[in-house]
Amino acid sequence: NGTTIIRGAVDDFAGELTVTVEIPEKRYMPLDENIDISTWKYNKSGVKNDAVSVLNSQGFAFDYTVSSTRGTYVKLTKDVVLWSMPDSLRICINPGTATIKEIYINTQAGANRAVNYIYTPTLTASTLNTILIPMSDLIDVTDFSSYPVTFKYLQIYLSDAASSTHHIEIPAIEAVHAALSNA
């Protein structure tokens, strides 16, 4: 792990590039280890009596009551650079009794290309579900200028009945490095 400078010259051109090398320590690298929810921005629409809380060292929970059935969502935003060059992004989610219509993941590839990934889930209620998003769905994995990838936000669109109360748990959002063991 560290940085190095690559220098080169061809004819009249000479250049250098600083490269960061990151070797993942384990197969599943948490998006935000030892999560501090105060460092995340929380937005919502169509919910009341809501709260976001830390669930464990890597995850969080949403508690809310539906106040409107139009465009109802909860959203957490934080710029987090994904470790190294992951193969996929994994989201673990227990929807409880909530009906999740869509999940938006926003990432930024390299310096300035934002990508929205929209997932329409079929989740089992009150069960831990795993969503695996290949990096190739988010970026051009063959273009090294796509790295590093920055996670921007997670937005969950809900389609629950008005006045219903729900609890959603997201125990982990992780960068997956398939070539490593599960250490």
Side-chain angles (χ1 to χ4, degrees), residues 1-43 52-62 73-93 102-121 128-157 169-183:
N1 291 327
T3 59
T4 190
I5 298 173
I6 298 174
R7 292 182 180 92
V10 175
D11 298 326
D12 292 339
F13 174 80
E16 67 179 43
L17 176 67
T18 302
V19 176
T20 300
V21 176
E22 295 176 324
I23 302 168
E25 299 165 3
K26 50 191 171 185
R27 183 175 187 166
Y28 302 103
M29 296 293 291
L31 186 68
D32 192 8
E33 198 159 20
N34 300 315
I35 198 165
D36 176 359
I37 205 67
S38 69
T39 64
W40 290 72
K41 183 178 176 186
Y42 171 61
N43 290 316
V52 179
S53 57
V54 173
L55 181 62
N56 56 32
S57 65
Q58 301 172 32
F60 43 86
F62 295 103
Y73 69 83
V74 289
K75 177 180 178 181
L76 280 176
T77 304
K78 181 177 181 178
D79 287 2
V80 180
V81 177
L82 299 182
W83 189 262
S84 188
M85 296 170 65
D87 299 289
S88 54
L89 188 63
R90 180 170 89 159
I91 301 170
C92 300
I93 184 168
E102 290 178 327
I103 298 174
Y104 282 35
I105 305 292
N106 184 270
T107 57
Q108 180 176 325
N112 55 18
R113 293 183 305 244
V115 177
N116 268 327
Y117 178 82
I118 302 170
Y119 179 71
T120 306
L128 187 61
N129 297 263
T130 300
I131 301 167
L132 196 61
I133 305 165
M135 290 307 291
S136 59
D137 287 356
L138 300 172
I139 63 170
D140 178 356
V141 296
T142 63
D143 180 358
F144 287 105
S145 71
S146 296
Y147 298 95
V149 177
T150 303
F151 172 92
K152 304 294 270 181
Y153 68 76
L154 169 74
Q155 186 168 358
I156 301 172
Y157 280 91
E169 295 180 350
I170 301 178
I173 302 175
E174 301 162 317
V176 180
H177 302 274
L180 297 175
S181 68
N182 201 16

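- Scanning both residues, Phe151 and Thr107, for their nearest heavy atoms gives CA-CG2, 4.2 Å.
- Within the model, atoms OH of Tyr147 and CG of Asp140 stand 8.5 Å from one another, a figure rounded to the nearest 0.5 Å.
- Distance SG/Cys92 to CD/Gln58: 9.0 Å, rounded to 0.5 Å.
- Using a 4.5 Å heavy-atom threshold, the side chains of Trp83 and Leu31 count as separate.
- Taking the six-membered ring where the residue is Trp, the centroids of Tyr104 and Tyr117 are separated by 6.0 Å or more.
- For the atom pair Glu102 CD and Thr120 OG1, the distance stands at 4.5 Å (nearest 0.5 Å).
- Leu55 has its side chain out of reach of Ile170: every pair of non-hydrogen atoms, C-beta onward, lies at least 4.5 Å apart.
- Using a distance-only test at 3.5 Å, with no hydrogens or angles considered, a donor-acceptor pair links the side chain of Glu22 to the main chain of Ser84.
- Checking each of Val176, Leu89, Thr150 against Leu82 for a side-chain contact (heavy atoms from CB on, under 4.5 Å) leaves exactly one that passes, namely Leu89.
- The minimum heavy-atom distance between Tyr153 and Thr77, with the atom names listed, is CB-OG1, 3.5 Å.
- Closest of all the heavy-atom pairs between Leu128 and Pro171 is CD1-CG, 3.6 Å.
- A donor-acceptor contact shorter than 3.5 Å is absent between the side chain of Asn106 and the backbone of Lys152.
- Here the CG-CD distance, from Asp32 to Glu174, works out to 12.0 Å after rounding to the nearest 0.5 Å.
- Annotation for Asp143 and Ser145: closest pair OD1-OG, 2.7 Å, computed over non-hydrogen atoms.
- Proximity of a side-chain donor or acceptor of Asp87 to a complementary backbone N or O of Ala178 within less than 3.5 Å is detected.
- Considering all non-hydrogen atoms of both residues, Ile35 and Gly59 come closest at CG2-O, 3.6 Å.
- Of the inter-residue distances, the one linking Tyr119 atom OH with Leu154 atom CG reads 13.0 Å to the nearest 0.5 angstrom.
- Tyr42 OH to Lys75 NZ: the interatomic distance, rounded to the nearest 0.5 Å, is 12.5 Å.
- Listed here is the closest heavy atom pair of Met29 and Pro24: CG-CB, 4.1 Å.
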